[in-house]
Visitor: 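Once you've had a glance at the structure underneath, I'll fire off some questions.
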Amino acid sequence: DEEVNGRAGAAALAQRLAARGVTPEFVLDEGGTMLSGLVPGIAAPVASIGMAEKGYVSVELTARAAGGHSSIPPARTAIGVLSAAVQRLQDHQVPANIGAAMGESFDYLGPEMPLPMRVVFANLWLFGPLVEWQMASAPPSNAAIRTTTAPTIFEGGQKENQLPTVARAVVNFRILPGETVAGTLEHVRRTIADPEVTLAVLEGGNDPTPISPSDAPAFAYLARTIRATNPGTLVTPFLVLGATDARHYSGLSRNVYRFAPTHTRPDDVTRFHGLNERISVADYVGMIQFYSALLRELGGLGAGQVPD
């Protein structure tokens, strides 16, 4: 039930493992992929190992009004009030923050980039605002540096000549590590600042996961296996923008990683939960090779050890 929060599946499994005192050396789930043609300045595939994933909360906004006939509308209708509230949330986004997760990515990838970009990423203390501005210009990179605001549902009205008594919207927020559900809700209240709009939190929200270490033996082992089965591939820590079942295992191990050895190219991005979602036959074979190599080596891997 991963697509519906995993509460009856992965969450229950993690609780059972905890009850048995099981402490995994590391956990590996989906999340990152091998990015091809998606990292500016780098031609080689980039294997993005997810070290953390964003949190999640959906907020229901409701505006109520007296209703009536559309021929004598008030100055502010329920739809107008709610539209203004949603627009304020879009106009006043949560501030950007490169943060620990993306900062590590820049540490890994910066040396592989052309000289001007190497200089920029080696001096984020100076060029950080410029990097944030550039990343904010494209939705995928913008999502990596801020808690995102996404209105996903807007309802109100039944007839063209009747003023609605209720208008409802749902806004989904994906929360950056280092921030919280509580802080996001405070941002919503402060930004809307309208007593005519009521807020309700929908079920299923969660804070971001902890950031797993990139200096752990398990990360080094994963990186080595990726390079062995995909020669010429660069490896980097990465922030997973969506939600995976891995978050339910965060209490069992510090080393929770998210990676599947498939290639993601520019024309694949819109396929995720979109039309014609698929992987190639070559990627399917590559996944079998990767996990086979992983399991063979793990058979002789002691806790905390990395094979030479």
Visitor: Verify, without hydrogens or angle tests, whether Thr264 (side chain) and Thr33 (backbone) share a donor-acceptor contact under 3.5 angstrom.
Guide: no
Visitor: Could you pull out all residues at least two apart from Glu30 that satisfy salt bridge (charged side-chain N to carboxylate O under 4.0 Å, His left out)?
Guide: none
Visitor: Report yes if the side chains of Ile175 and Lys54 come closer than 4.5 Å at any heavy-atom pair, otherwise no.
Guide: no
Visitor: Identify the heavy atoms of Ala52 and Leu239 that sit nearest to each other, and give their distance.
Guide: O-CD1, 3.6 Å
Visitor: I'd like to know if Asp268 pairs up with Arg271 as an ion pair, taking the criterion as any Lys NZ or Arg NE/NH1/NH2 lying under 4.0 Å from an Asp or Glu carboxylate oxygen.
Guide: yes
Visitor: How close do Ala63 and Val81 get, counting heavy atoms only, and between which atoms?
Guide: CB-CG1, 4.0 Å
Visitor: Under the rule for ring pair (Phe, Tyr, Trp, His ring centres under 6.0 Å), what residues qualify as partners of Phe106, not counting sequence neighbours?
Guide: Phe121
Visitor: Are Val131 and Val119 co-members of a hydrophobic cluster defined by side-chain heavy atoms under 4.5 Å apart?
Guide: yes
Visitor: Answer yes or no: are there more than 12 heavy-atom neighbours, outside Arg64 itself, under 6.0 Å from its atom CZ?
Guide: no
Visitor: Is a side-chain donor or acceptor of Asn142 paired with a backbone partner of Met135 at a separation under 3.5 angstrom?
Guide: no
Visitor: Decide yes or no on side-chain contact (heavy atoms from CB on, under 4.5 Å) for Met34 and Asn230, but give the supporting numbers first.
Guide: CA-CA 10 Å; Met34 290 183 288; Asn230 297 274; 3.4 Å; yes
Visitor: Would Phe219 end up clustered with Tyr291 when hydrophobic side chains under 4.5 Å apart are linked, directly or stepwise?
Guide: yes
Visitor: How close do Glu53 and Pro177 get, heavy atom to heavy atom, and via which atoms?
Guide: O-CG, 4.5 Å
Visitor: Test of understanding: with side-chain contact (heavy atoms from CB on, under 4.5 Å), list the residues that count as partners of Pro213, not counting sequence neighbours.
Guide: Asp215, Ala216, Arg254, Asn255, Tyr257
Visitor: List for me each residue that meets salt bridge (charged side-chain N to carboxylate O under 4.0 Å, His left out) alongside Arg296, sequence neighbours excluded, and say none if there are none.
Guide: none
Visitor: Would Ser214 and Met51 satisfy side-chain contact (heavy atoms from CB on, under 4.5 Å), going step by step from the backbone distance to the final call?
Guide: CA-CA 8 Å; Ser214 60; Met51 316 295 285; 3.7 Å; yes
Visitor: By side-chain contact (heavy atoms from CB on, under 4.5 Å), which residues pair with Ser58, not counting sequence neighbours?
Guide: Tyr56, Val170, Asn172, Leu202
Visitor: Hey, are the side chains of Arg265 and Leu38 touching, using non-hydrogen atoms and a 4.5 Å cut-off?
Guide: no
Visitor: Can you hop from Val86 to Val201 via hydrophobic side chains spaced under 4.5 Å?
Guide: yes
Visitor: Do side-chain atoms of Thr77 reach the backbone of Gly80 as a donor and acceptor pair under 3.5 angstrom?
Guide: yes
Visitor: For side-chain contact (heavy atoms from CB on, under 4.5 Å), just list the numbers for Ile49 and Phe238, CA-CA rounded to whole Å, side-chain angles, deciding distance to a tenth of an Å, and then say yes or no.
Guide: CA-CA 5 Å; Ile49 300 179; Phe238 180 74; 5.8 Å; no
Visitor: Is it true that a side-chain atom of Ser253 and a backbone atom of Pro24 form a donor plus acceptor pair closer than 3.5 Å?
Guide: yes
Visitor: I would like to know whether Asn97 and Ile145 meet side-chain contact (heavy atoms from CB on, under 4.5 Å); could you show each step before the answer?
Guide: CA-CA 5 Å; Asn97 182 4; Ile145 61 170; over 6 Å; no
Visitor: Check whether any side-chain heavy atom of His273 lies under 4.5 Å from a side-chain heavy atom of Glu3, and answer yes or no.
Guide: yes
Visitor: By the rule that ILVMFWY residues connect when side-chain heavy atoms come within less than 4.5 angstrom, directly or transitively, which residues belong alongside Ile72?
Guide: none
Visitor: Using the side-chain contact (heavy atoms from CB on, under 4.5 Å) criterion, which residues pair with Pro114? Sequence neighbours excluded.
Guide: Pro116, Met117
Visitor: Is any side-chain heavy atom of Leu199 closer than 4.5 Å to one of Leu61?
Guide: yes
Visitor: Any side-chain heavy-atom pair from Thr184 and Val94 closer than 4.5 angstrom?
Guide: no
Visitor: Walk me through it: do Gln289 and Thr229 pass the test side-chain hydrogen bond (donor to acceptor under 3.5 Å, both in side chains)?
Guide: CA-CA 7 Å; Gln289 293 170 339; Thr229 53; over 6 Å; no
Visitor: Would you say the side-chain atoms of Asn5 pair up with the backbone N or O of Arg7, donor to acceptor, closer than 3.5 Å?
Guide: no
Visitor: Is there a side-chain contact between Val181 and Asn206 in this structure, where contact means two heavy atoms from C-beta onward sitting under 4.5 Å apart?
Guide: no
Visitor: With no hydrogens and no angle check, is any side-chain donor or acceptor of Thr147 less than 3.5 Å from a backbone partner on Leu176?
Guide: yes
Visitor: For Val188 versus Leu89, what's the shortest heavy-atom pair and its separation?
Guide: CA-CD2, 4.0 Å
Visitor: For residues 195-204, which residue pairs qualify under side-chain hydrogen bond (donor to acceptor under 3.5 Å, both in side chains), counting only residues two or more places apart or in two chains?
Guide: Arg76-Glu196
Visitor: For residues 154-165, dump all side-chain donor-acceptor pairs below 3.5 Å to protein atoms at least two apart in sequence or in another chain.
Guide:
{"residue": "Glu155", "atom": "OE1", "partner": "Arg168", "partner atom": "NH1", "Å": "3.0"}

Visitor: State, with a plain yes or no, whether a side-chain heavy atom of Ile79 is found less than 4.5 Å away from one of Leu82.
Guide: no
Visitor: With sequence neighbours left out, which residue pairs that include part of residues 227-237 fulfil the salt bridge (Lys or Arg N to Asp or Glu O under 4.0 Å) condition?
Guide: none
Visitor: For Arg258, does its backbone N or O pair with a side-chain atom of Asp29 as donor and acceptor, under 3.5 Å?
Guide: no
Visitor: Please report the shortest heavy-atom distance between Ala10 and Asp245, naming the atom on each side.
Guide: CB-CG, 3.5 Å
Visitor: Only counting residues at least two apart or in another chain, list the ones meeting ring pair (Phe, Tyr, Trp, His ring centres under 6.0 Å) with Phe173.
Guide: none
Visitor: Under a single-linkage definition using a 4.5 Å side-chain heavy-atom cutoff for Ile, Leu, Val, Met, Phe, Trp and Tyr, are Leu115 and Ile42 assigned to the same hydrophobic cluster?
Guide: yes
Visitor: Gln93: which residues meet the side-chain contact (heavy atoms from CB on, under 4.5 Å) condition with it, sequence neighbours left out?
Guide: Gln90, Arg146, Thr149
Visitor: Look at the side chain of Asp283 and the backbone N and O of Ile279, then say whether any donor-acceptor pair between them is shorter than 3.5 Å.
Guide: no
Visitor: Determine whether the aromatic ring centres of Phe259 and Phe290 lie less than 6.0 Å apart.
Guide: yes
Visitor: Report, as yes or no, whether the 6.0 Å neighbourhood of atom CZ on Arg20 holds more than 12 heavy atoms from other residues, nucleotides or ligands.
Guide: no
Visitor: For Leu126, does the CG atom sit with more than 12 other heavy atoms under 6.0 Å from it, leaving out its own atoms?
Guide: yes
Visitor: Please report the shortest heavy-atom distance between Tyr221 and Leu294, naming the atom on each side.
Guide: OH-O, 2.9 Å
Visitor: Is it the case that one hydrophobic cluster holds both Phe272 and Val39, taking links as side-chain heavy atoms less than 4.5 Å apart, direct or via other members?
Guide: no
Visitor: Report yes if the side chains of Pro237 and Tyr108 come closer than 4.5 Å at any heavy-atom pair, otherwise no.
Guide: yes
Visitor: Could you state the interatomic distance from CG (Leu109) to CE (Met102), rounded to the nearest 0.5 Å?
Guide: 8.0 Å
